[in-house]
Amino acid sequence: MARPARPVRLSPPTWLTAGLKPAPTPIPWAAVARASVALSAPIAVGLAVGQPAYGALVSMGALSGVIGDTADAYRMRIFNIAVPQLFGALGVTLGTLVFGHGWLAVAVLTLVALVSGMISSIGAVASVSGLLLLLNCVVGAGLPMPGPWWKAPLLLTLGGLFVLLLTLLGWPLRRTAPERAAVAATYRAVADLYEATGTTAAAYDEQRHAVTASLNQSYDLVLARRARQHGRAPHLVRLLSQLNALVPLLEAAPAARLRVRLLGPLPAAIPAAVRELADAVEEGRTGTPVLDLPAPERPAEKAVDHALRYAATVVHQDEPAPYNIDDRLGRPAALRVRVRRATRAVLLSEASWRYGLRLALCIGLAQAFVSLIPVPRSYWVALTVTFVMKPDFGSVFSRAVLRALGTAAGLVLAALVLAEVPRGWWDVPVMVALAALIPAFSAKGYAFQTAAITPVILLLSDMLNHQGFDLVMPRLYDSLIGCAITLIAGYLLWPESWHTRIGDRLADAVADTAAYVGGAFTADDRTARHRARRKLYRDLSTVRSEFQRALTEPPPTGTRAAAWWPLVVAVERIVDATTAARIRVAHGAPAPDAAEVAAVERELRELSEGLRSSVTLVEVRAELPGDENGVLAPLRQEVRAARAIAGPDLR
């Protein structure tokens, strides 16, 4: 019998349109107000003193500060804004010195792109610093700057420092408020997790991912500020102690879910008690905790009860216990150690060189193109390449598409402004409105951020070169050219674009899971188990992010990621089942036989090796005999489910 014809697909594929859906994030009103003031005030001052070009440069530096202000804690925001400004000043200096020098500008921008790409692999602050280094170098090489050479970098830096000043206005009143709010939010996420134990597996998994993200953010905020000697920052020590007290509650959650599946939902008093602890953290309350909890009977119930009472004690105590404040995972190393690691990562990392060379090739081609073809003020081509090739913005392919769409939308708004609004003092209220869109739209997605930034840059550029409405269409053509260069030279010509390493990353996570299973029932060091579990969940969160980014790639990468996605979920559930088994053993359940543990570990290691050697998911029947009433029964079930996942032949 003939197979029925497939229906014709008229809508674009999901991997192409995923970035056009706005993320459901709230509008950061404080950031909106800061952006409006930071970008419009310099223009007003410049007009008042008769130097609008100076005001435009200060606003351009403020724009860099607004884009880089992505942290929550004040100390981290200082680094996120101040450090990149130094690189931005260096970049515009180099660009100004080679302005109008043709092939010398091509060589310098290519070299700067190589350095920018390589340092972007170090971390978040280095990534923004590399972006501003190249971005300002491109602007300096493409736009005439007021002389002498030091004036442009000084004005740009003043703009960034102005954003920093506006950011720090609330520091005296809210010194630790961001960290305290983050820890309280993590407690509330854990309360939601316990409520989700009685819902579907998908809802529980989604909430567990939210807890992991919240926990990572809280640790990053607190540990980034924590002093080396505990006595120097007692409030941070207390927050870290409260954060560490969540670990037993998190470990008890999988056991609680298993108990719910067998006996019904948990008492509502448990998530309510966790929320009460969140309020106590946020308000800084101390004293004797009062918990009205049902008497526990089974091992899982005892684990939850013990963890909750322990967390309540830690949250309400005046001074944290010294033994509860050590956390080696994530604690910043000494500065000299971090510098040595960063230097080694930049100079010896294959990924660092590979990305640097890709970015240098694209920038070199873009700058050579505008040097060979007389396109006026075509710095926008290299500017487009810089944003699209940014390594931690997502898929290069989808960014190129979204950049083109976002630029087109932004140019429509810019055309209205440049055509209808006279230059002069009207620029100030227009910039107030346009600048407010940047933080409001940036959290919605890359295309929305591009649409918000485009009219701002065009308005500032017009204050420097006075081309008016004639800027609009050339900038659209330049954006399309930059996207085309990126797709060809930065995507299609590189094998890793088509042969992603997501399988290797998942294989590493499975191997670490096998080691976690092997040590969960043999290691006596409870702290070491906590660190191993937390590191594993953080790594799995990274793997999930890599897969989500791969899903936005065109076939075959996106197709392969979609086929392997269920295995990512299965590995996370294996970690949960292992933790649940360990908690039940710790609270009275019989310990599993060593042979059972070894059999599960062996199956996971075989799965890991299989993922490294194949691009095809092949179903495997896992024979895992054991006590079906023992603590490892749910774990064996999850392992069998992972081994049974099959996918299409993608070779």
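Computed over heavy atoms, backbone and side chain alike; hydrogens, waters and symmetry mates excluded.
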> Would a 4.5 Å heavy-atom cut-off, applied to side chains only, mark Glu195 and Ile270 as touching?
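Heavy-atom side-chain distance check fails, nothing below 4.5 Å.
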
> Using only atom types and a distance under 3.5 Å, with no angle test, would you say the side chain of His316 pairs donor to acceptor with the backbone of Ala312?
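Confirmed, His316 side chain pairs with Ala312 backbone.
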
> Mark yes or no for whether Tyr187, through its side chain, and Ala280, through its backbone, hold a donor-acceptor pair below 3.5 Å.
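No, the answer is negative, given that no donor and acceptor are paired below the 3.5 Å cut-off.
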
> For residues Leu250 and Thr579, determine if any side-chain heavy atom of one lies less than 4.5 Å from a side-chain heavy atom of the other.
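The answer is no, as the side chains (C-beta and beyond) never meet within the 4.5 Å cut-off.
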
> Are Glu276 and Arg285 close enough for a salt bridge, meaning some N to O gap below 4.0 Å?
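Arg285 and Glu276: salt-bridged.
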
> Name all residues meeting the side chain to side chain donor-acceptor pair (under 3.5 Å) criterion together with Glu638; count only those two or more places apart in sequence or in a different chain, and write none if there are none.
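With neighbours one apart ignored, the set is empty.
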
> Is there a side-chain contact between Pro592 and Val585 in this structure, where contact means two heavy atoms from C-beta onward sitting under 4.5 Å apart?
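Yes - at least one pair of side-chain heavy atoms lies under 4.5 Å apart.
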
> Any donor and acceptor pair, going by atom type alone, linking the side chain of Arg257 with main-chain N or O of Thr197 inside 3.5 Å?
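Such a contact is found between Arg257 side chain and Thr197 backbone.
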
> For Leu215 and Leu243: C-alpha separation, side-chain torsions, deciding distance, then whether side-chain contact (heavy atoms from CB on, under 4.5 Å) applies.
CA-CA 8 Å; Leu215 189 68; Leu243 199 54; 3.9 Å; yes

> Does some side-chain heavy atom of Pro267 sit less than 4.5 Å from a side-chain heavy atom of Tyr194?
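Contact flag for Tyr194/Pro267 side chains = no.
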
> Taking Arg309 first and then Asp305, would you say they form a salt bridge - that is, a charged N and a carboxylate O separated by under 4.0 Å?
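Salt bridge present between Arg309 and Asp305.
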
> Determine, for Arg636 against Glu596, whether the closest basic-nitrogen to carboxylate-oxygen distance falls under 4.0 angstrom.
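Answer for the salt bridge query: yes.
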
> Could you tell me whether the side chain of Ser608 and the main chain of Val510 form a donor-acceptor pair under 3.5 Å?
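No: the side chain of Ser608 does not pair with the backbone of Val510.
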
> Regarding Asp576 and Arg573, does a basic nitrogen lie under 4.0 Å from an acidic carboxylate oxygen?
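A salt bridge is absent here (no side-chain N lies under 4.0 Å from a carboxylate O).
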
> Could you tell me whether Glu609 and Arg605 make a salt bridge, using a distance below 4.0 angstrom between a side-chain N and a carboxylate O?
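A salt bridge is absent here (no side-chain N lies under 4.0 Å from a carboxylate O).
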
> Sub-3.5 Å donor-acceptor pair from the side chain of Arg584 to the main-chain atoms of Ala300, do we have one?
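No.
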
> Between Arg259 and Glu301, is the closest basic N to carboxylate O distance under 4.0 Å?
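Counted as a salt bridge, because a side-chain N and a carboxylate O are separated by less than 4.0 Å.
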
> Where do Glu572 and His209 come nearest, in terms of heavy atoms and distance?
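Residues Glu572 and His209, closest heavy atoms: OE1-NE2, 2.8 Å.
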
> Stepwise, does the side-chain contact (heavy atoms from CB on, under 4.5 Å) test hold for Asp279 with Arg188?
CA-CA 9 Å; Asp279 294 339; Arg188 294 190 179 97; 2.9 Å; yes

